[in-house]
Amino acid sequence: MTSEVLQQSAGVMSAASGSDPGGHKRSLAELLAIRPKKTDRKVESSNKGLQESALYLLSCHQDVNQFLSEVEAPPCKKVCNNDCSPSSHLQKFAAFNDIFIASALRDQALHLNLPPNILGSKAAVSNILKICHNGADREESLLSQEQRDRLNGFLQTVKGLLTENCFSRSVFLKHIWEQERPPVVEVVWHLQNSDIVGLEDLLESCKDPHSAVDWFCRELRSLFLNMEKSPDVDFCEEMISSFLTVIIGRAFCKSSLPGKNSESPKLTKISLSILDNMLSWFLNLIPEAQNDHSFKPGAEQYWLHAYNASRYRTRVIPELLEEFFNHTLSQTLIFKPKLKVSDAIRLQGSWSFVKTCPLLRDLYRKLFVLLSAEKLSSRIQKVLDTQEVNWHHVLACVSCLVVSQPGAQQVVKDLLSRLLSQAFETYELEYLITAFLIARQSALEGPAAFMSYTEWFKCTFGTASSFQNTTKKSLVFLLKFLSDLVPYETPQYLKVHILHPPFVTTKFRPLLMEYITLAKTQLADMKVSIEDMGLYEDLSVGTDKDQTQSPAQQDVEKAVQIFENTGKIPASVMEASIFRRPYFTSRFLTALMAPRLLPEAPDSLMLLIDALRRADKIPLPMMSSYLDACELEKHRKQEGNEKMQISLNDEPVARLQAALWELRPFITDPNRYDEISSRVAVISDRLRSLVGSVNMDALFTESVETLEPQGLLVADLIITSFCQCVMVASSTNPPDRQGPWPSLYVKMLCGHPKALYAVLSRTLQLFCQQAGLLRDQHVVGLAVFTVHLHECRGSFQNPNIEVKALEKFWELMLNNQCLNSVSVILRFCTAAVSYACCKFSLLSPGAPLDCIPPLFMRKLQHLLPRLILEAREEGFMEEEEDTDVPGSSVIFPSTDWKEAAVSLWRQSHLQQLLTADAFQLCFRDWLLWEMNLGSHNDPLCDIERQEYQRWALNCSFLPEFSAKGSCGNDLETACSIMVDALLEFFCGYKASADSLPSRTGIVDILCRLQEVVCDLLGQSPSGTTGRLTFLFNLFHQRLEASSDSRSTSAQLRRQGELAMCFRILLGLPTTLLISTSSETGCTSLHCEDFFRFVNKELKNIGPRGCALPYDITVHFFRGLLGASTQCEDPRDAVNSVISAAHAQCPIILTSAMLWWPRLCPAIKCQWGRLFKANLPKAIETLREIQSHVDRCLSQSTSLPLTDSMWLSAAALHFTIKRTKLDLQGILQLFDRESLQMLNSLLFFAIIDLIPVMLKGGETDKKALKNCLSIIGCLEESGGSWLTVFQPSKEKCE
């Protein structure tokens, strides 16, 4: 009947909704326009009957579904009057729309003889289903954005019908459940958020509770599936939390809700069923055994969001939430109790915390958030006492408990004590079985979580007051239980029971021996010998897996460690020598006395062996055999007959290691040099089978990162083998007679980009993180490797690698900030240069210069004179003859490598070589390296560093004979280079996103700059220092070069450079700011360069736009007073400069007024010390201005009119700000004659307002209020505040 009615009314509602028969929608205005226009009342009266018939016809053919979907408001035209805004227009239209739709529904219901709320509810259901299922996949539980927008709009219409009593919630809910395809779960969420119907209403209205549970659970699972591919996971999580808040509140609510007393039990049952159903679905998908390679969490992982306690804190009563978590824990523990106790005993080793499925582990950890360890223990015991349990879930819960919960160890001990007490009181095996399973499971998590099973068994049953010693029945009860467990026990637990048996009296000793005999028989059947067990073996966590070390070897290491700490033979070793004699003799002593090369000084192992010998624990024949074997091992080492026992059938790493080892005999025998290439080919083949032939896009990793295990192992093998080969080859021949093996080795490595990448990355890691731990052999070997890598740089196979990638690698590797010990850099560079000189005859005339990286030579020039004082001696080239390069002294660390380095440095050929353009260390690089070397990693103390830097400046970079990169005794050039280097160093850290290190060498270089500037001032002709303006020119050049780009990064870099210029300026002598000249015979002062720098750059560096910081202000005045001493009339010179500041740089004077309370005493002190006379007139004027302002504010008098009213206004403005006086009262002192003062005061107030408005806050309101007050005072005095923004005539011109 309903469908017929709805079909019958389709035509009329189509018209009302703006649809023509063809489906084209027309607006209401178009429909009304089609009606014939009214002519007069007579015609209207005659056609009244016709109109009523037409309206009746329309009413009988309305389509309610389409009519209700016509909810979009017409476009809002611009409203001209001020009384009607677009928002109010939309509100009026929405109200009109609701009334209009409700009226149409009532008309339709009247004709159909149906209540309006029934007709509206059914039409609403029909429209919602149409929105959800029209062109959508039924498997989707989420709406598209288009469907979501349509649904939200339609729900606004439904809310309007609800307001007009044209909608019934009960009919709506009933009709929803009558549909074949109920709406998706998101629709329910929107209905609940719109306060139309809630989830509890929907579930409660279903006649069949099972259908409601199945529908909702099915929708939730579908929602979880969609969350895996939905980008809006947060929206889905919020939806789940909203639903679960309702369900948890109804499932565990103790009292009935008002008005729903009869339905509350039904709703509680449905809600509880939903929670249990979803938990069962979740637990069903958890595998019995965790397999990290096969198991991947799916949609079920999103159900864990239901247990995020933080989502319910403001929504659900804490007691209800705790009850929900307790209920979930109980249901998890009893879920499918199919495992027997015997299965639990056998499998519990694979149920530890680490091996438990992550989903189950996360579930427990989320439940533990609200439940304390005591409550969890009580809940577990209650479940164990009353129901059949899933032992997998129970024991996994115990593991999570002892690992996750603080204080859980004592709680578990108390639980075990209660279980054991009940077991021996009632003689129920279930309590005893449960206690043993929980104790073993807890012990699996290690000593940090729980005591070992051995300790627990000894503490529980190993004393006279233990449970089993109360009566004979108790002892029989325990031994029978242990005997019944024997067929199911694993070897480690049987070993514990045998070696640490329960305490029994002598009378009942035979009962215990029966059990021990049974346990030993079981071990024998399992082919496990009790004699093979180590002295310190952890029996509680042991498994039957193979271990990397034998128990005897572990016992030896532990015994040596105890002997080192105590100086006595461990008690366990002495006990084993008596009670476990077979193991002690055949296993322990064999591992202890393995043949080795004995050290010259006895170590702990030798001392332990000697102590056992003196205690008669080592048989004499065994001791004699041990000494003979050690002597044989010594001869084998000396003769070089060591052999690696590695089979070619082993793993690829072992095969590569064997190939690298087999290369050594060929590099020491000159007669076999021609076979080296074939051996290198074997290494290449083994390397290819291990790492493949994949090209790398980079030669190395620029950041120090951890390599993958295989790459790290390969890199260590290659580096170690190369270093060992270098030492072996150098022990027999000098570098120039060692054959081609280093070049072939490195060239082969260049053919394996992946291996070369690992080697270079590992080398960078060693230098940057472990430089202090590198031995001399490693440093020398890596130096030789880098020399040959530079030689073979053309062999890189990957064309994508940049040309200068290797040079970049050298810079990173030899970075002073990277290394902890600068001496390692010097050792490395000395070894590399010495090797290159010997290998390639670098010091011979005509030798190629590209056989060594130029950076190594420059680093040698930097560090060798720095760290070795003898290298700074002058005149040695003329006094001493050249000797051969001591390559052996550098390669073998047994000699003094510093002496060899000095000998190398004194080679005249090397000194001539260092003058080459490629190898010469320029002044700028030296400055950057010195700044990069902080005091924390500089081996020189402060005084030594100062002495070295002065020596380097005076002897290397300032003299005339220095060529490229030096100054030629031009101090001005030296200052320019030093300033440029300071700016470059500072900006280099900012550009690389690194914070400037707290301990760098910037301070030392600034000190050297000050010294050079002082020398330059001393060299200036008497009465002139005009040449020092080059610094301002340099500042301008640097800042203009960085101002071309408008990017944010470039602007930030420019701000950093400007700040550094400011710091440099403050660190230089104050007189540098003032230029002097004596062209006319009289010395005069000039500040045009400083004024130009202030006006162009420094004016915005301070916190206010109209004043400079105090540092630069007092710096200027000190320099001005100091420079005036060179003039015949100092007072006139100072007056002249300040007068120039009035016209050229007024910000200097406003800054003086800002800081006058601090500046005035400094000026008076310096002037009095220099001249002991009255202050210059210009400075006295500044003091008088400030005095007038102070008198005005203290005595409420008007300010006198002066020629510099703007300066008086500045003083007044800053004094008001400084004293925090009320501006409103001060403005009353001004009259019509003070308009210029008010204009100037407004200017300073606006300048202060601009930065404050950009920041906002309460200060913003105060500054704005001050500006408005001044403007009001100006208007009252007949002035105009707009003159502040009008440029003067001079500026316009």
Side-chain angles (χ1 to χ4, degrees), residues 64-65 68-69 71 94 98 101-102 105 116-134 136 138 140-207 209 211-220 222-223 226 232 235-250 257 259-260 263 266-267 270-271 274 315:
V64 180
N65 296 335
L68 290 180
S69 63
V71 296
D98 295 340
I101 294 175
L105 272 176
N117 55 356
I118 295 179
L119 183 61
S121 302
K122 292 183 178 181
V125 172
S126 179
N127 273 278
I128 289 175
L129 294 178
K130 182 178 180 181
I131 291 174
C132 297
H133 305 314
N134 186 18
R138 183 65 188 94
E140 295 287 341
S141 61
L142 295 175
L143 301 177
S144 64
Q145 188 59 45
E146 179 184 359
Q147 290 175 314
R148 198 171 293 155
D149 295 339
R150 290 177 57 194
L151 179 63
N152 288 328
F154 177 73
L155 293 182
Q156 294 299 320
T157 302
V158 174
K159 291 181 69 174
L161 295 180
L162 190 61
T163 305
E164 297 293 332
N165 294 324
C166 291
F167 181 83
S168 172
R169 286 188 172 92
S170 59
V171 175
F172 177 79
L173 294 171
K174 178 181 177 183
H175 200 54
I176 276 186
W177 288 114
E178 291 176 354
Q179 304 301 313
E180 180 181 357
R181 299 170 64 186
V184 296
V185 70
E186 185 180 347
V187 174
V188 179
W189 186 76
H190 286 292
L191 288 171
Q192 180 171 281
N193 277 5
S194 301
D195 294 329
I196 297 175
V197 292
L199 175 62
E200 64 270 30
D201 301 321
L202 185 62
L203 296 175
E204 199 173 20
S205 63
C206 184
K207 296 180 180 179
S211 300
V213 172
D214 293 341
W215 165 78
F216 188 74
C217 293
R218 183 172 62 253
E219 288 296 326
L220 277 184
S222 178
L223 176 62
N226 289 323
D232 197 0
F235 170 72
C236 298
E237 291 179 2
E238 176 61 28
M239 194 187 310
I240 295 171
S241 300
S242 179
F243 287 146
L244 290 174
T245 299
V246 176
I247 294 174
I248 294 171
R250 298 299 180 268
L257 295 176
K260 296 187 178 183
E263 296 295 332
K266 175 184 177 182
L267 184 58
I270 292 175
S271 301
I274 290 174
R315 303 182 182 183

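Because the structure is a prediction, the values reported are computed rather than measured.
Of all heavy-atom pairs between Lys266 and Pro209, the closest is CE-CG, 4.2 Å. Between Cys236 and Leu223, the shortest heavy-atom contact is SG-CD1, 4.1 Å. Residues Leu143 and Glu186 come closest through the heavy atom pair N-OE1, 2.7 Å.
In this structure, Glu204 CD and Leu267 CG are separated by 5.0 Å, a value rounded to the nearest 0.5 Å. The distance from atom CG of Leu220 to atom CH2 of Trp215, rounded to the nearest 0.5 Å, is 8.5 Å. The distance from the CD atom of Glu237 to the CG atom of Leu244 is 11.5 Å, given to the nearest 0.5 Å.
Two residues are said to be in side-chain contact when any heavy atoms from C-beta on lie closer than 4.5 Å; Val246 and Leu203 fail this criterion. Between Leu199 and Phe216, some side-chain heavy-atom pair lies under the 4.5 Å cut-off.
Panel note: side chain Ser222, backbone Arg218; no donor-acceptor pair is recorded below 3.5 Å. Side-chain atoms of Trp177 come within 3.5 Å of backbone atoms of Leu202 as a donor-acceptor pair (strictly under, hydrogens ignored).
In this view, Thr245 satisfies the side chain to side chain donor-acceptor pair (under 3.5 Å) rule with no residue, not counting sequence neighbours. Qualifying side chain to side chain donor-acceptor pair (under 3.5 Å) partners for Gln192, counting only residues two or more places apart in sequence or in other chains: Ser242. Not counting sequence neighbours, the partners of Glu238 by the side chain to side chain donor-acceptor pair (under 3.5 Å) test are Arg315.
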